[in-house]
Amino acid sequence: MPTQALNYLSRASSAYLRSAMHQPIQWHEWSADAFNKAKSENKPILLDIGAVWCHWCHVMDRESYDNPEIAQLVNERFIAIKVDRDERPDIDIRYQAAVSAVSGQGGWPLTAFLTAEGIPFYGGTYFPPEDHYGRPSFRRVLTSIADAYREKYSDVTEQARMVVSAISQSESLSGKSAAFSPDVIDSIAKSALSMFDDNYGGFGNAPKFPHPAVLDLLIDRYQKSGDEQLREVFVTTLENMARGGVYDQLAGGFHRYSVDERWIVPHFEKMCYDNSELLKNYVHAYQATGLEFFQTVARDIIRWMDEWLSDRGNGGFYASQDADYSMDDDGDYFTWSVEETDAVLTDEESAVAKLHYDINEVGEMHHNPAKNVLYVRASLEEISRRLKLPLELVQELIQSAKDKMYAARLRRPTPYVDKTIYVGWNSLCISAYLEAAKVFNLDSPRRFALRSLDRILSAGWNDETGLQHVIAYSDADATSKRVPGLLDDYAFAALACLDAYEASSDLTYFSFAVRITDHMVDHFFDDDSGGFFDTEKTSSESGQLLGVLGSRRKPFQDSPTPAGNSVAAIALSRLYGYTNRRDLQDRVKRTLEVLGELAGQYGIFAATYAIAGAYFSEPHLQVLILGDDTSAENLYAAALSTFRVGKSILKLHTTEAVKENLPPALAETLPHLPGIKSGMSVAVLCRNFTCLPPTSNPQELTQALKDLAPKP
């Protein structure tokens, strides 16, 4: 049997593109060559944007792009381009906006039809091979589009012109700027409260996404105000999520989102950035409440990330784990039937597990009704009462059942793990690990996070060209290519370096934070109108962004990762606290003013903007712990006992409190304070570049932190 010919994607680097190299369609990567070919052959472009973790992307691949008849139609009448949205989020976000303007649809797979110049004139998401789901068949769509492009080109170009106009208006923030007001922080928090689901937690109705930035905002507001309503919102949400099917009850870690309002049935893919941001939520919720449940969940997220998304030998975090292991699977790896449960457990274990996880003959999965999503339906105390078993025995039986079920699941065909290492997403994971390590005093996550950052800086940073977006691809046979870093990469990496400095007191990380931030300002900041563009001003790549990509964007909306402008503002604010560089604070102000008039209208999707606003408008606090003994550890624990936006904690050996070993602002104050050379361990609390007298009393430090906390 002859070997199937490979298409151009055999030379691609990304796992998603390489998964299509055997398809009969002559796919191209995003390139000027592909657009030139469309122009020379006078053909429209079929653009497919997806991801390796995307279930419906693989369904459309199997149903349509693997089909020889459809492939012939595409090859004859289109130039086909395939894009990995993880590798090229700058392309994805622009065409998502364009297709949404055309059809009201967005998501993956994104199917867009473009002129030869790259301007979209029609699109949608998943198209079935036959008329189905209320959607036209892909064959019919392809034929109609190709005919229209040939016979009604003026109509096509007019539609494209209208799309570009709509996009440019929606992306333009000119004339919308206004002075930043702290009132917008409370406005965004109130928006979250108005959307809160009192029954199940979370915000809005199904489908439900986690919205980690909203939760951090509410935790911070609660810590500063003591408002019990805020506590109820984040506690209810985090508890219900962790007990739901959206959380992997066996391995740990969160799936991407829940299709129902009760957090039971998830979309089963797992993303590193969802878990990094939720890890921070559970750490911060523990600081705010002292509830051990939140610490347990946080440690469990780390357990899963350690096992599945970590390059243990070299450092670094992998991108994602797929939902499925085959085209016919839809979460089967993660779900359980009664028969599968009984096959691996004793009768006692099975009885307890079925009650605890609500495992029944009819489960939640429509494609396979016997399959159950594991979620916590009955508490251990309830099971103890119902089965008349001692609570300690129920606890033992649940643990042994979990261990056996997880071991059995590991023997199933396993969904693919994308081992690509993205700079921005890794930076989020590094920051989350360092946060958990700091609060829970965990050495292993701290060391792994620092090793991962060392790899990012070594492989991903160049003093001349700046950061890359990707430092390693999943497929060992793939030839790596340089994808220029985006705003997110810079902003997230700058924060990771500052977190690493505070975790290690190694000034090298602080210096990297300065270099990365300065490059970000030089190459991304809009000197005319304020704010940061998502791509570099002078990048040769940006010059190749065709059609709708010609518009430069200033991202302020969290979706799903924190918005680049907001995180950049946070990075600049934190760096300002260490340097007293007024140019940084001025750019924070100008960045926040870009969305000053509209931020409140963004609601929960501007939560990171609200957090950036808190950094800017509220006094920054620095807690400096000097010493090496038990007293220093007690002071450090006191400083960590509460969560607060705008508070940084730095632990130094007494001998390190010298000018040459400190950032500029601290070098001007700390070495000259009375009492720090007494040989005693002390804490120094500095607020807006003014330091209070040192204290050796943890209670005094705790009270001082409370007294200085701003009241929203």
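All of these numbers come straight from a predicted model, not from anything done at the bench.
- A salt bridge does not link R88 with D92: none of the charged nitrogens is closer than 4.0 Å to a carboxylate oxygen.
- Ion pairing between R18 and D84 fails under the 4.0 Å rule for side-chain N and carboxylate O.
- With sequence neighbours left out, the salt bridge (Lys or Arg N to Asp or Glu O under 4.0 Å) criterion links R221 to D186, E618.
- The residue from W53, W425, F492 that alone fulfils the ring pair (Phe, Tyr, Trp, His ring centres under 6.0 Å) condition with Y273 is W425.
- Within the model, atoms NZ of K270 and OG of S320 stand 12.0 Å from one another, a figure rounded to the nearest 0.5 Å.
- Ring planes of F510 and Y501: tilted class, angle from 30 to 60°.
- Under a 4.0 Å N-O distance rule, the pair D586/R582 does not qualify as a salt bridge.
- Taking the ring centre of F448 as origin, the terminal cationic atom of R312 falls inside the region bounded by 6.0 Å and 45° from the ring axis.
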Quiz item: Given E502 and R574, is the salt bridge (charged side-chain N to carboxylate O under 4.0 Å, His left out) satisfied, shown in steps?
Solution: CA-CA 11 Å; E502 291 171 9; R574 287 181 59 182; 3.3 Å; yes
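- Every residue two or more places apart in sequence or in another chain that forms a side-chain hydrogen bond (donor to acceptor under 3.5 Å, both in side chains) with T608 is listed here: D558.
- Under a cutoff of 6.0 Å and an axis angle of 45°, K554 and F532 do not form a cation-pi pair.
- The aromatic rings of F524 and Y490 are tilted relative to each other, their planes meeting at an angle between 30° and 60°.
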Quiz item: Should F689 and H620 be marked as a ring pair (Phe, Tyr, Trp, His ring centres under 6.0 Å) after you check the CA-CA gap, both sets of side-chain angles, and the distance that decides it?
Solution: CA-CA 9 Å; F689 309 111; H620 66 264; 4.8 Å; yes
